[in-house]
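Just so it is clear, the model here is predicted, and its values are computed rather than measured. All heavy atoms count here, side chains included; hydrogens, waters and symmetry mates do not.
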2 protein chains.
Amino acid sequence: MGRQRPGTPTLEEVAALAGVGRGTVSRVINNAAGVRHSTRMAVERAIAELGYVPNLAARSLAGRRADAVALVMTEPDWRQFGEPFFSSVVGAVGDALTDTGVQLLLTLVRTDVERRHFVEYARGGRVDGVLLMSVHAEDPLPDMLSEAGLPTVLLGRRSGDEAVTYVDADNVGGARGAVAHLVRTGRTAIGTVTGPPDMYVARSRLRGYREGLERAGFEIRPSWIVEGDFTQESGRRATAELIARAPEVDAVLAASDTMAAGALEALRAAGRRVPEDVAVIGFDDFPLAQHTRPQLTTVRQPLEEMGRAMVQLLFDVMRDSSGAWRHVILRTELVERAST
Amino acid sequence: MGRQRPGTPTLEEVAALAGVGRGTVSRVINNAAGVRHSTRMAVERAIAELGYVPNLAARSLAGRRADAVALVMTEPDWRQFGEPFFSSVVGAVGDALTDTGVQLLLTLVRTDVERRHFVEYARGGRVDGVLLMSVHAEDPLPDMLSEAGLPTVLLGRRSGDEAVTYVDADNVGGARGAVAHLVRTGRTAIGTVTGPPDMYVARSRLRGYREGLERAGFEIRPSWIVEGDFTQESGRRATAELIARAPEVDAVLAASDTMAAGALEALRAAGRRVPEDVAVIGFDDFPLAQHTRPQLTTVRQPLEEMGRAMVQLLFDVMRDSSGAWRHVILRTELVERAST
DNA sequence: ATGAAAGCGCTAACAA
DNA sequence: TTGTTAGCGCTTTCAT
């Protein structure tokens, strides 16, 4: 495999050329205080002349830090790379890191082999911490990293009592707010099509739906709740069943914007008009939908802030190392469009 | 910043526990030959007992290798690239790397600051080589890396005499084949809407268009060539101008699938039917379009193979180090659909 | 087949 | 303010 080209100047050669000790050169390249200006200039001249670049392996070994963090994408996620959900988070993480001198590394973890490789890489000290995007409940990676003592931050929790540090959106509040908005605009028969019950995010949104109804003094009718799995097709099917069961429904809260798109299909196929007959609200997990379905009212997640928060938390965890878990729940925002 | 947690067992401790020398442990973890089976077992037991994981910084420092390669995305790409383009290449690169023990690191390079950071990272020896996705002609990154002596492979060349190693698709041949196909299916007045002339890929496709006509014994009419810039809007505008100038045109070769989509709009707006009146062919740089525009005939680039080829070339360059530039041009394939 | 020893290039603690 | 020194944990000869 490729070795680092030889003949690369070392700190020692810089020191020799500048006529100073190695420690001084180290101070200069690390912007440490306590170096006379003239000395610093001399060292910098030598660095420029030699084209010196610090050997990061040596720095890591001596300094016990990598100055890099990994953002891991697991299989289901990374296909979405082109989507704004992804790029918003990645971009925000990149922005938050740009001034810190910490390199952001995105890595793909699709198989068990890759999972093992990555854990070795991380445990081997090549990164100081790990950010995980939308991990699935069964994914052992968070626990592997956690057990290895690596600072780790999840985007989205996997369960209610997640034993790691995470950033999440207030899905309960978002759903509650959506229901409140529907009530406020005169809807009285609000149904919902949900995500898979084994996913916390889906349960949270369903809970928000219930709480929203309760707060409005409405009764919760089991027949107005139909289960889906976050896909468009399931949204279509569930909504079709919902209006077959309960034709009186005049609003549908979908557990994702993808399902909301399916709901629109089902409603139109059934001859209902949106929003005149039935209002529809989704969640913009994947804001790409805003391009293809700009008319969809959604509960918006503040992805940029979530990215920033992840970096902040990661740094806190790295610094603290007491092992305490931190959680940040960010507020969502209702973006109203033509579907309500 | 976060330091590597202390108390991590070292190779030395493994050696002590196993009752062997450090060299032997090193041989075992590197699968080197020349270790008695019983010894190997003893060492492996000690490794398991201690939960030993090699320190990669130390390994890099001593071994002068990183066992990692970077795949760089520059700003204009990573936001706009539809997912299959991206994920095909990334997936193929990941697949090609998975058995090699080389870690794939995706990095974002959006600004000059990030460019500099990344070059320091790479020059610092944290990666053995760099893969660049669709770099723009003005991007100084390839030359920076090249000058630094880092093995580098580009996806898509920036000019005809690209002085780096790259993998590209046969755009000339693809366009030529598309014209041949149109001729074969009875089209006699074939126009084209092109990409920006300062992009090599656009010029290549235009050249293929000309060559295709020449081979078919057709005349090249300048008025049948209208310039665009790869966007859908430019495809619409250029096509509108094309059929205004030359109503007799019965086929349009678009320089990208995005432009082809614009061409479809323009043709329909002008009351032409596709493909009865006018045939349309694009290039699927962004196969996402296959989802939104499944009816579009395209010149398909073999993205998976291109990803694999990039890895192969990178390894060749790393191994060789004579500095010779290698080029691989992959064949394209015409995928016929309802637009021709 | 295996152990011992010499670095790899840097940081950080300690002297001066 | 600056030089010196002792490692950081591993790979890789070189002996044995």
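- For the pair A:Leu56 CG and C:dG9 P, the interatomic distance rounds to 14 Å; values are reported in whole Å.
- A salt bridge does not link A:Arg59 with A:Asp67: every distance from a Lys NZ or Arg NE/NH1/NH2 to an Asp or Glu carboxylate oxygen is 4.0 Å or more.
- For the pair A:Arg65 CZ and C:dG9 P, the interatomic distance rounds to 20 Å; values are reported in whole Å.
- Checked against side-chain contact (heavy atoms from CB on, under 4.5 Å), B:Val53 has the following partners two or more places apart in sequence or in another chain: A:Arg123.
- B:Val25 comes within contact range of no nucleotide atom at all, as no heavy-atom separation falls under 4.0 Å.
- Each end of the helix from C:dA1-D:dT16 to C:dA16-D:dT1 gets its own rotation axis from five pairs of C1' atoms, and the angle between them is 30° to the nearest 10 degrees.
- Taking atom CZ of residue B:Arg59 and atom P of nucleotide C:dG9, one finds them 18 Å apart after rounding to whole Å.
- Partners of B:Arg308 according to the salt bridge (charged side-chain N to carboxylate O under 4.0 Å, His left out) rule, which considers only residues two or more places apart in sequence or in another chain, do not exist here.
- A 4.5 Å side-chain heavy-atom check between A:Leu108 and A:Phe118 finds every atom pair outside the cut-off.
- One can place CD of A:Glu13 at 8 Å from P of C:dG9, the figure rounded to the nearest angstrom.
- Remark: B:Thr24 is not in phosphate contact with C:dT2, judged by side-chain N or O atoms under 4.0 Å from OP1 or OP2.
- As rounded to whole Å, 16 Å separates atom P of D:dG9 from atom CD1 of B:Ile47.
- With sequence neighbours excluded, no residue forms a salt bridge (charged side-chain N to carboxylate O under 4.0 Å, His left out) with A:Asp99.
- Among residues two or more places apart in sequence or in another chain, the salt bridge (charged side-chain N to carboxylate O under 4.0 Å, His left out) test is passed with A:Arg158 by A:Asp143, A:Glu162.
- With B:Leu132 as reference, B:Leu145 is the one residue of B:Leu145, B:Asp139, B:Leu155, B:Val109 to meet the side-chain contact (heavy atoms from CB on, under 4.5 Å) rule.
- Rounded to a whole Å, the CG atom of B:Leu11 is 9 Å from the C1' atom of D:dT11.
- Contacts between residues 30-39 of chain B and DNA chain C, counted as heavy-atom distances below 4.0 Å, involve B:Gly34, B:Val35, B:Arg36, B:Thr39.
- Every side-chain contact (heavy atoms from CB on, under 4.5 Å) that B:Gln312 has, sequence neighbours left out, goes to B:Asp316.
- Here A:Ser26 reaches the OP1 or OP2 of C:dT11: one of its side-chain N or O atoms lies under 4.0 Å away.
- Taking the salt bridge (charged side-chain N to carboxylate O under 4.0 Å, His left out) definition, one finds that A:Glu120 meets it with nothing, sequence neighbours left out.
- When the side-chain contact (heavy atoms from CB on, under 4.5 Å) test is applied to B:Ser26, the partners found at least two apart in sequence or on another chain are B:Leu11, B:Asn30.
- Between the side chains of B:Arg126 and A:Ser60, at least one donor-acceptor pair of N or O atoms lies under 3.5 Å.
- Across B:Thr100, B:Leu97, B:Val130, B:Val311, a single residue satisfies side-chain contact (heavy atoms from CB on, under 4.5 Å) together with B:Val69, and that is B:Leu97.
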Provide a list of protein-nucleic acid N or O atom pairs under 3.5 angstrom, restricted to nucleotides 13-16 of chain D.
none

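- For B:Arg36, the side-chain contact (heavy atoms from CB on, under 4.5 Å) criterion is met by B:Ser38, B:Thr39, not counting sequence neighbours.
- The minimum heavy-atom distance between A:Tyr166 and A:Ile329, with the atom names listed, is CE1-CD1, 3.7 Å.
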Atom pairs under 3.5 Å: protein N/O with N/O of nucleotides 6-8 of chain C:
residue : atom : partner : partner atom : Å
C:dA6   : N6   : B:Arg22 : NH2          : 3.0
C:dC8   : O2   : B:Ala62 : N            : 3.4

